[in-house]
Each structure stands twice: as structure tokens, then as C-alpha cells.
Amino acid sequence: MDTVFLIARILLAVIFLLSAVGHVANANAMAQYADYKGAPGGKAGVIASGIAMGVGGLMILLGVYGEIGALLIAATLIPITFFMHAFWKESDPQARQTEQISFNKNLGLIGGALALFLLFASQGAAAGLTITEPLITIA
């Protein structure tokens, strides 16, 4: 179980670590796109979401309060999903389909983050290959 849990953590964390780099490195362009989509926060919001994804991804990857990292990822993705991938607002069929795919992908990532939260919080170090015990525990 240790190896499978570690592989799952690595795979999920890589998505968010790469996204974090992109958010910080391309903050101006991403802020323009976020403004176009009607997302609040502008450049500061892009950078803040990038930092949240990076910190959450590292926490999951390293198993340092992984349940907090997983919740941070889920909490970051929820507004991003609804602001940036509002497929119901698109009139062009191709744009609508693209946004719906991204919306659905994010729902899956939120679900994955919540599943990791549950594993970290319920199993603690018994889940395997973690550095810290969870701060939030579920019996």
C-alpha cells in the first residue's frame, strides 16, 4: 500500500507543482485571461492560486501534513473551476465543449484531493511514506 499511495501522491502533486510554476512564471498573461473570464483577483489572484497549488502539491508529495495540502488544493480548485471553466456561459459549441471538459477534469481533481485528504486524515502515518502525522484526524 505504501508504494501505491506514494505513486498516487506523486502523480497528483506533479500536476499542481507544474501549474504553480506556470502561474508564477506567466502571471501577467494568466491574469489577462482570468480578467477576460471574469475571475476576481487579477494578477494577485493568479499568483496566490499558484502559491496555494505549489504549497499544497509539496505537502501532498512529501507527506507533510498531507491532509492540509489536499484540502488546500481542493479549496483552490473550487473557485477556479467555476470562474475559469463556466461552460454554461459559452455560446460557441466548441468552446462550450472545451470548457466542460476542463470543468469535469477539475471536478475529478477535486475528488482526488478529497480522497487523499481522507486517506491522510484516517490512516495517518499508517498510510505509508509520510513525514508528519496529520493535524486533522478522522476515526
Side-chain angles (χ1 to χ4, degrees):
M1 177 154 157
D2 292 357
T3 305
V4 173
F5 186 50
L6 180 60
I7 291 168
R9 287 170 30 206
I10 291 169
L11 292 174
L12 192 69
V14 164
I15 293 169
F16 297 105
L17 294 172
L18 292 174
S19 291
V21 171
H23 275 69
V24 174
N26 303 310
N28 288 329
M30 293 184 96
Q32 288 177 350
Y33 187 63
D35 288 342
Y36 167 75
K37 296 296 263 179
K43 185 176 179 181
V46 169
I47 292 171
S49 63
I51 290 170
M53 285 188 262
V55 170
L58 281 174
M59 292 173 84
I60 289 169
L61 178 68
L62 300 174
V64 175
Y65 306 117
E67 81 288 2
I68 302 295
L71 284 179
L72 183 58
I73 293 292
T76 302
L77 280 176
I78 291 169
I80 289 171
T81 301
F82 285 94
F83 280 109
M84 300 301 295
H85 304 299
F87 64 90
W88 54 91
K89 294 181 179 178
E90 298 293 340
S91 56
D92 177 65
Q94 186 173 4
R96 184 181 184 93
Q97 182 180 25
T98 299
E99 292 302 338
Q100 188 166 10
I101 289 168
S102 293
F103 184 91
N104 292 343
K105 173 215 30 126
N106 279 15
L107 289 181
L109 289 171
I110 293 166
L114 292 175
L116 275 181
F117 163 76
L118 181 62
L119 277 170
F120 277 118
S122 65
Q123 300 298 310
L129 303 173
T130 61
I131 294 175
T132 64
E133 285 287 337
L135 291 175
I136 300 170
T137 56
I138 298 172

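Note that the structure is a prediction, hence the values are computed from the model and not measured.
- Within the 4.5 Å cutoff, the side chain of Ile101 has no heavy atoms near those of the Thr98 side chain.
- No side-chain heavy atom of Phe83 sits less than 4.5 Å from a side-chain heavy atom of Ile78.
- In terms of heavy-atom proximity, Gly57 sits nearest to Ala13 at O-CB, 3.4 Å.
- Here the OG1-NZ distance, from Thr81 to Lys105, works out to 7.5 Å after rounding to the nearest 0.5 Å.
- Minimum interatomic distance between Ala121 and Glu67 (heavy atoms only, all atoms of both residues): N-CB, 4.1 Å.
- Put simply, Leu11 and Leu61 are part of two different groups of oily side chains (I, L, V, M, F, W, Y) that touch within less than 4.5 Å, one to the next.
- Looking at heavy atoms from C-beta onward, Ile15 lies in side-chain contact with Leu109 at the 4.5 angstrom threshold.
- Looking at Ile136 and Leu71, their side chains come closer than 4.5 Å, going by heavy atoms from C-beta outward.
- With rounding to the nearest 0.5 Å, the separation of CG in Leu62 from OG1 in Thr132 is 9.5 Å.
- Taking CG from Leu119 and CD1 from Ile138, the interatomic distance works out to 10.0 Å, rounded to the nearest 0.5 Å.
- Rounded to the nearest 0.5 Å, atoms OG1 (Thr76) and CD1 (Ile110) are 10.0 Å apart.
- Between Glu90 and Lys37 there is a salt bridge, with a side-chain nitrogen of the basic residue lying less than 4.0 Å from a carboxylate oxygen of the acidic one.
- Contact annotation: the side chain of Ile73 never approaches that of Leu12 to less than 4.5 Å [non-hydrogen atoms, C-beta and beyond].
- By the rule that hydrophobic residues join a cluster once side-chain heavy atoms approach within less than 4.5 Å of another member, Val46 and Leu17 end up as members of separate clusters.
- Ring pair Phe82/Trp88 is tilted by interplanar angle, where 30° to 60° counts as tilted.
- Side-chain contact between His23 and Ser49: present, with at least one pair of heavy atoms (C-beta onward) separated by less than 4.5 Å.
- With a 4.5 Å cut-off on side-chain heavy atoms, Leu116 and Phe5 count as touching.
- Connection of Phe103 to Tyr36 is established within a shared hydrophobic cluster, with ILVMFWY side chains joined at heavy-atom distances below 4.5 Å, either directly or through further cluster members.
- A donor-acceptor pair under 3.5 Å is absent between the side-chain atoms of Asn26 and the main chain of Ala29, judged by distance alone.
- Nearest heavy atom pair, residue Gly50 against residue Ala20, reads O-CB, 3.1 Å.
- A pairwise comparison of heavy atoms in Ala113 and Ala70 identifies O-CB, 3.2 Å as the closest pair.
- No single ILVMFWY cluster, assembled from side-chain heavy atoms under 4.5 Å apart, contains both Val14 and Val24.
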- Output, in order, the C-alpha distance, side-chain angles, deciding distance and verdict of side-chain contact (heavy atoms from CB on, under 4.5 Å) for Leu6 and Asp2. CA-CA 6 Å; Leu6 180 60; Asp2 292 357; over 6 Å; no

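- Residues Ala27 and Ile47 come closest through the heavy atom pair CB-CG1, 3.8 Å.
- Using a 4.5 Å heavy-atom threshold, the side chains of Arg9 and Leu129 count as touching.
- Here the CZ atom belonging to Phe87 is positioned 4.5 Å from the CD atom belonging to Gln100, to the nearest 0.5 angstrom.
- In this structure, CG on Asp92 lies 10.5 Å from CD on Gln97, to the nearest 0.5 angstrom.
- Shortest non-hydrogen contact noted between Phe16 and Met53 is CB-O, 3.6 Å.
- Taken together through direct or relayed side-chain contacts under 4.5 Å among Ile, Leu, Val, Met, Phe, Trp and Tyr, Met30 and Ile80 form parts of separate hydrophobic clusters.
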